[in-house]
Amino acid sequence: MMEGKSAFKDSSRLPTIDLVSITQALVVAECLSFHRAARVLGNEPSTVGRRVRALEDVLGVSLFERTSAGVRPTTAGARFFEQARAVLRQLDDAVQVAGAAGRGVIGHLNIGILSSMAAGFLREVIRAYRARHAKVEMHILEGASREQIALVRENRLDVAFVLGAPDLPNCEVAQLWTEQIFVALPKAHKLCDCDEITWESLRHEKVILCQSELGGAIHDRLITRLAQFGYSPWVERLDVGREALMHLVAMGLGVSFTSEATVATPFPEVTFRPIGGDAARIPFSAVRLPNNDNPALRRFWSLARDMSKKWEKQPRDAAVAASAKPKKSKLISDSHHSHVVPADARSPDVKRQRVSGDRSRRASTRASGAADRGARRPNRG
C-alpha cells in the first residue's frame, strides 16, 4: 500500500511508500547522478537526496552505490527499479482505464427492448451510439415491458425501452418516440389499393393478432375505435410469433397489425398499409433508475433524448417504402409463350428483334403500296 508518509503499518507490517520518492529514485537511476536528476526534476539535489534516503530507510536496503563520479544502482536497487517501473506502468494504465470509463468511452451497457429493430428510432439510436462509442460493450435483451422494468429496478438492465409512457415510482421515464400502426394484408386484398386505411374500413375483416404486449395494445385501439362507429370487430388472438402470424396473413386467414419499426422486414405475399389518424400511433418510452451512475448510460440517455427531439419531425423511410403502392408495369403479351412478360424485363436482343421486325413491316408496307399504285396507273402503251 502506497501513501504520502514513510512509515510502517503495525497491522500489516507493509511499508507505506511515497510515490514521489519512487519516481525521483527512478530518475536518479536513469541519470546515474543526483545533480543531473535534480535538473530534470527541477529540484535541488539535496531535496532529491533526502527523498531517496527516506525511501531506502523505508525499504531497509541501499538502492545506490555513491561514488565520486555519481551513483549506480545496487543489485537490490536494480531489482527494485525493475519492479517499480512495471508497477507504475500498471498504475498508469489503471488511471487511463478509469478515466475512459468515467467518460463513457469504455464500459458496459445493458439495454432491454420490446419490439423489432428492423428500422425506426430505436435502431438509429443504437447505431449512432455504437458509431461514437465502439469500445462500449452493449448487451441487448428482448422481453415484455413489465419484465424489463423489473430488471431495471434490480440494476440488471441500465435502460429499458417499453410500450407506452408508464408512471413508475422511483424510475425516470422519458417518452422518446411514437410509431404508426400498420395493417398487414394478403397481397390480393382489395384494401391493398389504398394508400392509407381507416379503422372503419376493417369493420368486416377477421383480425388475427399475437398474444403479445404490442398485439394487446393494438387490439385495445381497434376495439375502441370501431366501438365509436358501433361495430364489434372479429378478433382472434393466436399463440404464435410475428413471423408465423405474417405467413397466416399471406395465406388469407385474416388481416393483422404491426408497428412502424417492423414493416422494413418483408414477407412474401403480404402488403403493409398505414392506419390513418392520431389514434394510429403508439408511444414508446425509455426507463432507467435516477441513481444509476454508469457513465456509458449517461451518454446513451443524452443521445437518445437529443435524437428524440428531431425524430418526430423526420419522414419515415421504412413507413414510406412499405405503404407506397407498387407502380403497375406495362404488360405485353407474347404469342410464342403462355405467360405475360413486362416490357421492361425483355432483353436487349428481344428489343432489337422488335425494332428489326417493325422496320421489315414498314418496308413491306411501302413495297405493297408501290405495287398497288403501279397497278392503278393507266397503261398508256
Side-chain angles (χ1 to χ4, degrees), residues 1-110 128-139 155 158 289-303 306:
M1 182 177 180
M2 298 179 181
E3 295 181 359
K5 296 181 179 180
S6 299
F8 284 98
K9 283 188 175 293
D10 295 335
S11 59
S12 64
R13 306 303 299 172
L14 292 176
T16 56
I17 302 174
D18 186 353
L19 286 176
V20 176
S21 297
I22 295 177
T23 303
Q24 293 192 0
L26 285 169
V27 175
V28 174
E30 294 291 334
C31 296
L32 299 178
S33 168
F34 281 99
H35 287 81
R36 286 194 293 269
R39 287 197 296 269
V40 171
L41 295 169
N43 291 333
E44 292 295 327
S46 58
T47 302
V48 176
R50 283 196 302 271
R51 282 195 173 275
V52 171
R53 283 192 296 272
L55 178 60
E56 291 175 324
D57 291 341
V58 171
L59 297 176
V61 65
S62 295
L63 299 177
F64 297 101
E65 294 179 5
R66 278 78 168 173
T67 67
S68 58
V71 297
R72 63 182 180 183
T74 63
T75 301
R79 289 287 188 89
F80 174 79
F81 295 135
E82 180 182 355
Q83 295 296 320
R85 290 188 186 96
V87 170
L88 290 178
R89 282 195 296 268
Q90 292 178 357
L91 181 59
D92 183 64
D93 290 342
V95 171
Q96 296 295 329
V97 168
R103 298 190 303 274
V105 176
I106 62 173
H108 297 79
L109 186 62
N110 298 314
Y129 183 82
R130 184 65 177 172
R132 300 182 189 185
H133 307 284
K135 293 184 179 180
V136 174
E137 294 185 18
M138 302 177 67
H139 303 280
N155 274 319
D158 291 302
L289 289 179
N291 60 352
N292 188 327
D293 60 352
N294 183 351
L297 171 62
R298 290 199 300 267
R299 287 180 176 269
F300 183 81
W301 187 272
S302 177
L303 175 64
D306 289 343

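Bear in mind that the values here come from a model prediction, so they are computed numbers and not experimental data. Atoms considered below: every heavy atom in the structure, side chains included; atoms not considered: hydrogens, waters and symmetry mates.
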L303 vs R132, side-chain contact (heavy atoms from CB on, under 4.5 Å): CA-CA, chis, key distance, verdict: CA-CA 10 Å; L303 175 64; R132 300 182 189 185; 3.3 Å; yes
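Remark: side-chain polar atoms of Y129 are paired, donor with acceptor, to backbone N or O of A296 under 3.5 angstrom.
The shortest distance between side-chain heavy atoms of R51 and D18 falls below 4.5 Å.
Expressed to the nearest 0.5 Å, how far CD of E137 lies from CG of N110 amounts to 10.0 Å. Note that CZ of R72 is 14.5 Å distant from CG of L63, once rounded to the nearest 0.5 Å. Taking CD from E56 and OG from S21, the interatomic distance works out to 10.5 Å, rounded to the nearest 0.5 Å. The distance from the CG atom of D293 to the CZ atom of R298 is 7.0 Å, given to the nearest 0.5 Å. Between E65 atom CD and T74 atom OG1 the span is 6.5 Å, to the nearest 0.5 Å. To the nearest 0.5 angstrom, H139 atom NE2 is 5.0 Å from H108 atom NE2.
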Could you list the donor-acceptor pairs under 3.5 angstrom formed by side chains in residues 30-45, with sequence neighbours left out?
from : atom 1 : to  : atom 2 : distance (Å)
E30  : OE2    : R85 : NE     : 3.4
E30  : OE2    : R85 : NH2    : 3.0
S33  : OG     : H35 : N      : 3.3
S33  : OG     : R36 : N      : 3.3
R36  : NE     : C31 : O      : 3.1
R36  : NH2    : C31 : O      : 2.8

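Few gaps surround CZ on R66; more than 12 heavy atoms of other groups in view lie less than 6.0 Å from it. By the neighbour-count criterion of 12 heavy atoms within 6.0 Å, atom CZ of R79 is sparsely surrounded, having that number or fewer from other residues, nucleotides or ligands.
Considering all non-hydrogen atoms of both residues, I22 and A84 come closest at CG2-CB, 4.1 Å. Smallest separation of non-hydrogen atoms from F80 and L55: CE2-CD2, 4.2 Å. Heavy atoms only, all atoms of each residue included: A78 and P73 are closest at N-CB, 4.0 Å.
In terms of the side chain to side chain contact (heavy atoms under 4.5 Å, CB included) criterion, residue partners of N292 (sequence neighbours excluded) are, by chain and number, N155, D158, L289, N294, L297. In this structure F81 satisfies the ring-ring contact (aromatic ring centres under 6.0 Å, His included) test together with F64, sequence neighbours excluded.
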